[in-house]
Amino acid sequence: MSATIIDGKAIAGKVQEEVRQGVSQMLAEHGRTPGLATVLVGDNTASATYVRNKKKACAEVGIRSIGRELPGDISQEDLLAVVQELNADPEVDGILVQLPLPKHIDEEAILAAIDIRKDVDGFHPLNIGRLAMKGRDPLFIPCTPYGCLRLLQEAGVNLNGADAVVLGRSNIVGLPMAMLLQKANATVTICHSRTKDLASYLRKADVIVAAVGIAEMVTGDMLKPGAVVIDVGINRKDDPTAKRGYRLVGDVDFESCAAVAGAITPVPAAWADDDCHAVGQHPARCTSGRELTLS
Ligand code: NAP
């Protein structure tokens, strides 16, 4: 079997277009575009890159960026004051505090201080709580798991009654992913570092979302034939032939899994070519989506 590639780049382009249209609509109806504030503390290079990319993504769809670059030795009190100021600013519609924060800052207190109406990361306990509860909806959903759900929807995966395994239970990815999948009526198993016989769970799964942070730990022999595999992992793997001495790989061993899976996301996305075709010799197509409603 040769898996269909789920083309995240193409789907991201579609989402960007939807956002662009939403921004135009807001401008037409309310005479202003939305504003997104980013809060960057310290000089962590990776964090600075993420924030730069977020600002670039905003510019591409017409969202205004409001940047707050703060020193790494800022006090908890001063950082809270910045969050409060952004909460009160009517020109700010969303606030992203870039994580991780320096060790002397109480991350939980900072995230909890964000107005839930501006908590676009969806990390506020009230938003996470509403995501967990039946019959409630959060105001915002954490973006990485929401993106994974969208990939599944766009690939036409029927989650209703599907057996899903989420590998990893972090607050940012694994846990909210599991909640989203169960809201979409999948039967969800969460596996983590203490799970015994991981492969026995994976082999029963129709859908797997891997968010562990261990290079290529999921291999083809652990999958049920035809399973849909979403690989969230981004890991460096030593590769003396690569310019930087390493290459990026996911939590899933792409080659062996693509031979067994029904559909799979490549890491990095550049593995998939622009026309979205199957691994191996057989052309396939990116199926386009049935809407899944979260209840
Ligand atoms: P994290 O906070 O380190 O969580 C990792 C999870 O994996 C934990 O729940 C841990 O279990 C579990 N785990 C560790 N070893 C395991 C094992 N041997 N078997 C089963 N489970 C195991 O990581 P994260 O923030 O969720 O990120 C996960 C991966 O996704 C990373 O590679 C990260 O770079 C990537 N990521 C990608 C995106 C994206 O946009 N694509 C966004 C965020 C993260 P315990 O809870 O028991 O410790």
Side-chain angles (χ1 to χ4, degrees), residues 46 99-101 103 105-112 121-134 138 141-149 151-152 157 159 161-238 246 248-258 260-267 294:
L99 302 178
L101 291 170
K103 291 211 164 24
I105 301 282
D106 178 352
E107 194 170 287
E108 197 181 332
I110 299 297
L111 295 181
D121 258 334
F123 295 154
H124 193 289
L126 280 176
N127 274 324
I128 290 286
R130 291 173 74 120
L131 182 62
M133 290 170 80
K134 196 173 166 70
I141 298 170
C143 66
T144 303
Y146 197 26
C148 294
L149 182 71
L151 291 173
L152 291 166
V157 177
L159 291 171
D163 286 323
V165 167
V166 179
L167 257 177
R169 56 177 168 180
S170 71
N171 289 338
I172 293 174
V173 191
L175 195 70
M177 184 74 245
M179 293 174 188
L180 276 173
L181 287 168
Q182 66 85 16
K183 266 193 192 287
N185 293 326
T187 303
V188 185
T189 304
I190 303 176
C191 295
H192 46 76
S193 66
R194 312 293 165 88
T195 300
K196 291 179 199 155
D197 194 6
L198 183 68
S200 68
Y201 294 97
L202 293 177
R203 279 192 200 108
K204 284 188 250 165
D206 303 308
V207 174
I208 294 169
V209 180
V212 182
I214 301 178
E216 298 172 330
M217 74 168 283
V218 179
T219 49
D221 58 314
M222 299 175 176
L223 302 185
K224 173 163 132 179
V228 178
V229 181
I230 305 291
D231 188 356
V232 182
I234 305 172
N235 311 290
R236 286 182 181 186
K237 187 179 178 187
D238 290 343
Y246 68 86
L248 293 180
V249 297
D251 291 344
V252 171
D253 175 44
F254 184 76
E255 247 177 83
S256 67
C257 287
V260 182
I264 189 167
T265 58
V267 177
L294 296 176

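These numbers were taken from a predicted model, which means no experiment stands behind them.
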Does L111 reach the side chain of L99, with side-chain heavy atoms less than 4.5 Å apart?
yes
What is the distance from atom CD of E216 to atom CD of E255, rounded to the nearest 0.5 Å?
9.0 Å
Decide if atom CD of E107 counts as having more than 12 heavy atoms of other residues, nucleotides or ligands within a radius under 6.0 Å.
yes
Which heavy atom of P176 sits nearest a heavy atom of L131, and at what distance?
CB-CD2, 3.8 Å
Is there side-chain contact between V218 and C257, with heavy atoms separated by less than 4.5 Å?
yes
Option passing side chain to side chain contact (heavy atoms under 4.5 Å, CB included) with L159 (candidates N185, L181, L180):
L181
Is a side-chain N or O of T195 found less than 3.5 angstrom from the main chain of L198, in a donor-acceptor match?
no
Could you check whether any side-chain heavy atom of I128 comes within less than 4.5 Å of a side-chain heavy atom of M179, counting everything from C-beta outward?
yes
Approximate separation, where rounding is to 0.5 Å, of K134 NZ and Q182 CD:
8.0 Å
At what distance, to the nearest 0.5 angstrom, does CG of D231 lie from CD1 of I234?
9.0 Å
Once rounded to the nearest 0.5 Å, what's the spacing between atom CE of M222 and atom OG of S200?
10.5 Å
Check for a donor-acceptor pair, side chain of R236 on one end and backbone N or O of A215 on the other, with a separation under 3.5 Å.
no
Spatial distance of atom CG (L167) from atom OG1 (T189) [nearest 0.5 Å]
10.5 Å
Test item: F123 and I172 side chains (from C-beta on) under 4.5 Å apart, heavy atoms:
yes
Nearest heavy-atom pair of F254 and I264: which atoms, and what distance?
CE1-CG2, 3.7 Å
Is the number of heavy atoms from other residues, nucleotides or ligands under 6.0 Å of N171 CG greater than 12?
no
Locate the shortest heavy-atom distance separating G122 from P142; write the atom from each residue and the value.
O-CG, 3.7 Å
Has D206 got a side-chain atom pairing as donor or acceptor with D163's backbone, closer than 3.5 angstrom?
yes
Stepwise, does the side-chain contact (heavy atoms from CB on, under 4.5 Å) test hold for V188 with M177?
CA-CA 10 Å; V188 185; M177 184 74 245; over 6 Å; no
What is the minimum heavy-atom distance between G220 and S256, and which atoms define it?
N-OG, 2.9 Å
CD1 (I208) and CZ (R203) are apart, to the nearest 0.5 Å, by 10.5 Å
Main chain of I230, side chain of T265: is a donor-acceptor contact present, judged purely on distance under 3.5 Å?
no
Are the side chain of D251 and the backbone N or O of M217 linked by a donor-acceptor pair below 3.5 Å?
no
Side-chain donor/acceptor of H192 to backbone N/O of G168, under 3.5 Å:
no
side-chain contact (heavy atoms from CB on, under 4.5 Å) between V232 and V209, intermediate numbers included
CA-CA 7 Å; V232 182; V209 180; 3.7 Å; yes
If you take all heavy atoms of T187 and G161, which pair is closest and at what distance?
OG1-O, 4.4 Å
Step by step, work out the side-chain contact (heavy atoms from CB on, under 4.5 Å) result for V267 and V252.
CA-CA 9 Å; V267 177; V252 171; over 6 Å; no
Side-chain (N235) to main-chain (G250) donor-acceptor, under 3.5 angstrom
yes
So which heavy atom on Y246 is nearest to which on L248, and how close?
CE1-CD2, 4.3 Å
